[in-house]
Enquirer: 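Below is a structure I'd like to ask you about.
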2 protein chains.
Amino acid sequence: MVFAGQGDARRSMSLLWRAGRPEQPGRRPGPGPRPGLSVDAIVTAAIAVADEDGMAALSMRAVGERLGRTAMALYTYVPSKGELLDLMYDAVHAELPTEYDDTGDWRAGLTDWARDGLEFHLRHPWVLQVSQARPVLGPHEYAGLDTLVRLLNATGLEAHLVRRLAGTLSHFVRGCAGTVAEARQAAAVTGESDEEWWFARSALLGEVAPDFAERYPSLVAMETGSTPQPPAPEPDGEAVPYLEREARETFTAGLGVLLDGIEAAVRRAGTPRT
Amino acid sequence: MVFAGQGDARRSMSLLWRAGRPEQPGRRPGPGPRPGLSVDAIVTAAIAVADEDGMAALSMRAVGERLGRTAMALYTYVPSKGELLDLMYDAVHAELPTEYDDTGDWRAGLTDWARDGLEFHLRHPWVLQVSQARPVLGPHEYAGLDTLVRLLNATGLEAHLVRRLAGTLSHFVRGCAGTVAEARQAAAVTGESDEEWWFARSALLGEVAPDFAERYPSLVAMETGSTPQPPAPEPDGEAVPYLEREARETFTAGLGVLLDGIEAAVRRAGTPRT
DNA sequence: GAAGTTACTTTATGGCGTAAGGAGTCGCAA
DNA sequence: TTGCGACTCCTTACGCCATAAAGTAACTTC
């Protein structure tokens with residue numbers, strides 16, 4: 001699942017970087033009927049399907065249907081589903097902002113970047129399932145990376161370390177996004193709210209593992225010592241669900257710790273006294 | 001793909017926690033023919049398939065075949081493929097060590113934990129594709145979490161923060177593991193070594209994006225300022241491939257930064273002077 | 001023995017990605 | 001003007017997949 005169409009690497013890269021004729025749907029092409037579709041249209045439709053119905057619902061048939069075509073019509077424009085996934089992945093990364101205030105303190109810049117990254121992945125949770133399958137190397141992904149590196153350069157740390165911090169920050173953001181996406185999907189699939197779901201599971205856990213407290217003492221101690229606002233039912237509008245709020249707080253706290261760690265590195269580098 | 005079998009939650013939990021008769025393959029059961037399989041045997045076989053051939057190759061047929069049965073025979077023991085995935089996920093987590101030196105400094109403990117976690121995910125890369133689909137809540141996953149919390153408690157930080165640090169550390173480890181797994185898979189699928197693959201891609205990039213250096217100045221500057229041992233062909237044995245070494249260095253550096261950040265928090269908490 | 005329960009098989013349904021081949025459309029060279 | 005060849009898009013078909021339904025045989029309990 002979600003594997004690369006490791007086909008012709010050259011064709012794949014040309015598609016990703018759109019190194020061909022500047023396509024438009026209604027243009028006069030060579031011989032043959034005027035193309036009714038375009039790579040961009042297909043990619044846009046596929047992204048819509050994945051956004052709305054999730055990765056599991058993304059099939060060539062579904063994408064074709066959304067465009068009023070059969071599944072096979074897509075293969076005129078795109079060599080395989082794997083390539084289409086690569087194109088989707090890169091296209092959607094165009095949403096990522098590239099402009100940040102990199103004149104002031106780097107902390108603010110990186111915080112904004114991380115928050116934007118989190119929201120991006122929550123808008124397109126399927127991206128998390130593509131990316132871990134293999135590197136894609138498209139222009140917009142590179143743009144995002146370039147932005148992050150630029151922000152990190154404001155720390156004044158050496159290139160070596162910047163490179164690794166970029167990886168670390170990305171891992172962190174994607175991990176947090178994954179947890180939130182998980183929570184949302186669980187809520188969507190079961191139809192229960194987070195609280196209901198969690199309550200039901202806790203009850204089952206008690207049934208099935210009556211010795212829970214003895215088996216996981218540290219866990220239970222932490223649970224009783226930290227669970228903050230269990231119900232906290234916000235009366236107005238739809239409150240942010242429990243698990244999602246949890247995950248967001250992990251995001252905030254974890255990001256703070258990470259930036260503290262970077263700050264320590266900056267201080268160490270500032271006084272080069274190994 | 002890789003979704004939960006969100007079936008009967010009670011049955012699912014009973015299976016996970018093995019809250020039933022203590023099964024053994026050849027025992028005298030009730031009426032009917034003696035069972036030739038067992039949940040454990042199926043889970044073990046499924047893990048073997050996923051380890052050897054990857055998640056994409058994990059089908060009910062493949063697992064059945066490995067046990068000398070048809071795909072349908074498995075459904076006597078396991079309600080669906082989704083449940084089987086949950087069982088695999090939890091079973092494999094039994095490999096995670098639970099004993100660490102938590103008397104000494106927490107830094108060493110967490111470093112060991114992270115390293116074990118990385119190796120674990122590299123032994124079973126498919127775990128990364130299961131976990132982000134939804135929470136599983138099995139006994140061995142809980143054991144792993146309990147261990148991590150215990151190690152974090154050695155910092156003396158409050159429960160609140162410990163909970164979030166646990167999430168942060170897990171995200172980090174899984175992210176790093178994902179990158180390494182990616183690199184390995186790319187190498188396995190294409191048959192090229194990392195160096196070859198990367199070299200070929202770079203050439204294609206130059207072809208397809210001749211303005212690369214202008215578009216991504218920060219990235220290029222970092223690249224030229226940091227690429228450490230490009231070839232470094234270790235003559236003996238099989239060297240660790242390039243991309244994998246990169247990822248491992250990100251792991252080491254990122255972990256260091258994270259622990260530095262935790263240390264900062266510990267220091268702040270030690271002198272409670274908000 | 002008969003009845004009931006269970007392990008496992010075969011068969012079938014409706015999905016998937018995509019290979020193969022065919023029908024209709026159009027630019028262009030003859 | 002005609003017809004070739006390139007091109008888009010369709011239908012059909014193949015071999016996978018998960019799994020529902022129904023059948024067969026083994027075994028325990030009455």
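Letters A, B, ... are given to chains in the order of the sequence lines, protein chains preceding strands, and every chain is numbered from 1.
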Enquirer: Which one, C:dA7, C:dT18, C:dC26, comes nearest to the side chain of B:Y77?
Expert: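 Shortest atom-to-atom distance from the side chain points to C:dA7.
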Enquirer: What pattern of brackets, bars and dots sums up DNA chain C from 5' to 3', given Watson-Crick or G-U wobble pairs under 3.5 Å, [ ] for crossing pairs and | for another strand?
Expert: ||||||||||||||||||||||||||||||
Enquirer: Does B:Y75 place a side-chain N or O at less than 4.0 Å from the phosphate oxygens OP1/OP2 of D:dA21?
Expert: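 B:Y75 to D:dA21 OP1/OP2: no side-chain N or O under 4.0 Å.
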Enquirer: More 5' along DNA chain D: A:M72 or A:T76, using each one's nearest nucleotide?
Expert: A:T76
Enquirer: I'd like to check A:W113 versus A:V173 (side-chain heavy atoms, cut-off strictly below 4.5 Å). Are they in contact?
Expert: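 SC-SC contact between A:W113 and A:V173 confirmed.
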Enquirer: Taking only residues two or more places apart in sequence, or in another chain, which ones meet B:E119 in a salt bridge (charged side-chain N to carboxylate O under 4.0 Å, His left out)?
Expert: B:R248
Enquirer: For the pair made of CG in A:L74 and C1' in D:dC10, what is the distance, rounded to whole Å?
Expert: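 Rounded to the whole Å, the gap is 12 Å.
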Enquirer: Roughly how many Å is it from CG in B:L84 to P in D:dC17, rounded to a whole number?
Expert: 14 Å
Enquirer: Looking at OG1 of A:T179 and CD of A:E244, how far apart are the two atoms once the value is rounded to the nearest 0.5 Å?
Expert: 11.0 Å
Enquirer: Side chain of B:P33: nearest nucleotide among D:dC9, C:dA7, C:dC8?
Expert: C:dA7
Enquirer: Check A:Y77 against A:V39 and note the closest heavy-atom contact, atom names and distance.
Expert: O-CG2, 3.7 Å
Enquirer: Considering all heavy atoms of both residues, which atom of B:T250 and which atom of B:F172 are nearest to each other, and what is their separation?
Expert: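 So the two residues come closest at O-CZ, 4.0 Å.
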Enquirer: Within the 4.0 Å heavy-atom criterion, would you say A:A73 contacts the bases, only the backbone, or no part of the nucleic acid?
Expert: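 Here A:A73 touches the backbone only, sparing every base.
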Enquirer: Does B:R215 pair with A:D146 as a salt bridge, N-O distance under 4.0 Å?
Expert: no
Enquirer: Which residues in residues 58-71 of chain B have a heavy atom closer than 4.0 Å to any atom of DNA chain C?
Expert: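 By residue number: B:R69, B:T70.
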Enquirer: Does B:R11 pair with B:E83 as a salt bridge, N-O distance under 4.0 Å?
Expert: no
Enquirer: Has A:D90 got a side-chain atom pairing as donor or acceptor with A:H140's backbone, closer than 3.5 angstrom?
Expert: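 Yes; at least one donor-acceptor contact below 3.5 Å.
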Enquirer: Taking all heavy atoms of A:L96 and all of A:G117, pick out the closest pair and write down the distance.
Expert: CD2-CA, 4.5 Å
Enquirer: Could you check which of D:dT19, C:dC26, D:dT8 has an atom nearest any side-chain atom of A:R34?
Expert: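 The closest nucleotide is C:dC26.
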